[in-house]
Amino acid sequence: MTDRETALLASVPHQLFIGGTWRDASNASTLDVQDPATGEVIRTVASAGAEDGRAALDAAVDAFPAWKSTPARERGEILRRSFDLLTERAEDFALLMTLEMGKPLAESRGEVTYGAEFLRWFSEEAVRVQGRYGPTPEGTGRAIVSQHPVGPSYLITPWNFPLAMATRKIAPALAAGCTVVIKPASLTPLTTLAFAALMEEAGLPAGVLNVVTTSESSAVSEPIISDPRLRKLSFTGSTQVGRALLKQAADGVLRTSMELGGNAPFVVFEDADLDKAVDGALKAKFRNIGQACTAANRFIVHRSVADEFARRVTERVAGMRVGRGTEDGVEIGPLINEDAVEKAGSLVADAVERGASLLAGGSAIEGPGTYLAPTVLANVQPGSELLREEIFGPVLAIAPFDSEDEAVALANDTEFGLVSYVYTESLARGQRMIDSLETGMMGLNVGVVSNAAAPFGGWKASGLGREGGAEGIHEYLETKYTLTPDPAA
Ligand code: NAP
């Protein structure tokens, strides 16, 4: 640990942020945060109990009337100031994320830019919430359609993008006039705590943003979700947990947004520009050490170019530097924990057992730290588990196809529908893929699609609702239709 790292970690708040006050958990519990590159405990933070969760919701409920009445321009300006502060402190936030999550520093910097962009985008959207006014078709009345903040919202975020997953929810919620309680993942609570301190500095009134860090997610969340004062649940994480939370939310008929798991197909047609396809493949697969919901999970490659594609990606993967994310030139950091290494490793073993060829990697790298060597598998056979499950690790698995219809059938053969990637030089084929692939997002000759100005979200079991874009703020708004008599009557 360098002096800079030690000083940065010491500067991060370690308490719950409730009603504008930093405080310990009421039962004095704590949770340890580890650096996955070393296994070392780098900070200990408060671990909320159910009572603290309730107090955080109380604070959000109390702050709601004043915040929703705050002019949209003022709300937007606080978001814009937060954008400026975050941009100024990009290096600190990037290092903090690398320390608690493991991704290479260059990628953490990219996440700060992406995460900050939601603050800027929704600072601009805050003032564009509009309604409609017009005569009814019969001419007997006037219809007014207006938009209103949905109310106190509960936000649950995962560990893989500690900053961007938080700002992608906080920014639209606050822009819409909602107050929030956010619960970051227990593996990566530090970035959210540091971000809350930044928003406090940007002038956010007490109670508008409340943070509960906890090792007891379920015990803290259940009473919040079942409280009738809560009006919205926004969750990003696994489909399994999303399903369980939807069941809890059903009792209160709670508005929900769900950003869940993915199993992205990456289809390379025989007419693709192979150099571009290989570049896109490496980004779509190895960004975030393969731990992204948007990570390409299945490389579906036309049989006539499959060997050449495999040869080129293997050559590039062999040259990838693995190590602690803080070191220069590292492209592959550690996986988040031992379980993640075991899970990805067992998916590789299953594919090989069923007949896939292992072209690179395939095994864990001895610690300290939880590393899996970047892996390439070719000729993956139908029925292999990694075609069905999210790998969530640096494993590039190639399966060949013979016809366009077969490629579409393979790509859609999953319960998930978050994102797909297609490489083809044919415009007509690209257009056919837009119509055929059952995903909420698509990269057409592009390996990364995320953009704050675009609606991010999935079809099928990948989720409900959209984050970002013009759509993002509507997740936190309710529509009201009012009928008034014809003024001439
Ligand atoms: P996870 O296990 O589902 O956890 C996500 C969040 O839910 C964490 O804050 C976790 O807290 C919390 N949680 C877990 N069980 C809970 C419960 N019973 N009640 C309330 N909260 C609970 O997912 P993850 O492993 O952190 O993240 C990886 C998954 O997220 C992948 O499937 C990935 O595809 C998905 N993801 C989706 C998107 C998207 O936009 N679609 C983006 C990023 C990630 P603890 O940490 O305390 O368990």
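Start at 1 and go down the list; that is how both ligands and their atoms are numbered.
Distances below 4.0 Å separate heavy atoms of S221 from the following atoms of ligand 1: 20 (C), 21 (N). Atom numbering of ligand 1 starts at 1 in the shown order; those under 4.0 Å from a heavy atom of N160 are 43 (C), 44 (C).
Scanning S450, G237, G463, G468 for the heavy atom closest to atom 30 (O) of ligand 1 points to G237. Comparing P189, C293, A185, G262 against atom 42 (C) of ligand 1, the shortest heavy-atom distance belongs to C293. Between D339, N297, V241, it is V241 that holds the heavy atom closest to atom 14 (C) of ligand 1. Nearest to atom 32 (O) of ligand 1 by heavy atom, out of M258, E389, E390, is E390. Between F456, F392, F416, Y154, it is F392 that holds the heavy atom closest to atom 28 (C) of ligand 1.
A distance of 4.5 Å separates CG of L418 from OG of S462, quoted to the nearest 0.5 Å.
Here the options are K169, K232, E467, the test is side chain to side chain contact (heavy atoms under 4.5 Å, CB included), and the partner is E475; only K232 passes. Of the candidates N412, T414, D413, V408, E438 forms a side chain to side chain contact (heavy atoms under 4.5 Å, CB included) with just one, namely N412. Only one option out of V376, L396, V278 pairs with R316 in a side chain to side chain contact (heavy atoms under 4.5 Å, CB included); it is V278.
Ionic pairing of E5 and R324 is present here: one or more N-O contacts between side-chain nitrogen and carboxylate oxygen are shorter than 4.0 angstrom. Between R298 and E389, no side-chain nitrogen of the basic residue sits less than 4.0 Å from a carboxylate oxygen of the acidic one, so the salt-bridge criterion is not met.
Between S462 and ligand 1, no pair of N/O atoms sits closer than 3.5 Å. Not a single N or O atom of T236, backbone or side chain, sits closer than 3.5 Å to an N or O atom of ligand 1.
Atom 9 (O) of ligand 1 has its closest protein heavy atom at T157 O, 2.7 Å. Looking only at protein heavy atoms, the nearest one to atom 41 (N) of ligand 1 is L260 O, 2.7 Å. Ranking the protein heavy atoms by distance from atom 45 (P) of ligand 1 puts S217 OG, 3.3 Å first. Protein heavy atom nearest atom 7 (O) of ligand 1, with residue, atom name and distance: F235 CE1, 3.2 Å. Among protein heavy atoms, atom 46 (O) of ligand 1 sits closest to S186 N, 2.9 Å. The protein heavy-atom contact nearest to atom 10 (C) of ligand 1 is K183 NZ, 3.8 Å. Given atom 3 (O) of ligand 1, the protein heavy atom at minimum distance is S238 OG, 2.6 Å. If you check which protein heavy atom lies closest to atom 27 (O) of ligand 1, you get P158 CB, 3.4 Å.
For W121 and F456, the ring centers sit 6.0 Å or farther from each other.
Judged by the shortest distance from any of its heavy atoms, R168 lies inside the 4.0 Å radius around the atoms of ligand 1. L245 counts as a contact of ligand 1, since one of its heavy atoms falls under 4.0 Å from the ligand. Heavy atoms of F161 stay at 4.0 angstrom or farther from ligand 1.
At least one donor-acceptor pair under 3.5 Å links the side chain of E390 to the backbone N or O of G262. With hydrogens and angles disregarded, no donor-acceptor distance shorter than 3.5 Å links the side chain of D62 to the backbone of A59. Of the possible donor and acceptor atoms, none in the side chain of T30 sits under 3.5 Å from a partner among the backbone N and O of S47.
Shown here are the side chain to side chain contact (heavy atoms under 4.5 Å, CB included) partners of S363, two or more places apart in sequence or in another chain: there are none.
Residue-level proximity to ligand 1 for E467 is absent, since no heavy atom of it falls below 4.0 angstrom.
Cation-pi geometry between K285 and F266 is not met: the NZ or CZ atom fails to fall both under 6.0 Å from the ring centre and inside 45° of the normal.
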Notebook entry, point to check: Going through the distances and angles, do L198 and F93 end up as a side chain to side chain contact (heavy atoms under 4.5 Å, CB included)?
Noted result: CA-CA 11 Å; L198 179 149; F93 274 86; 3.8 Å; yes

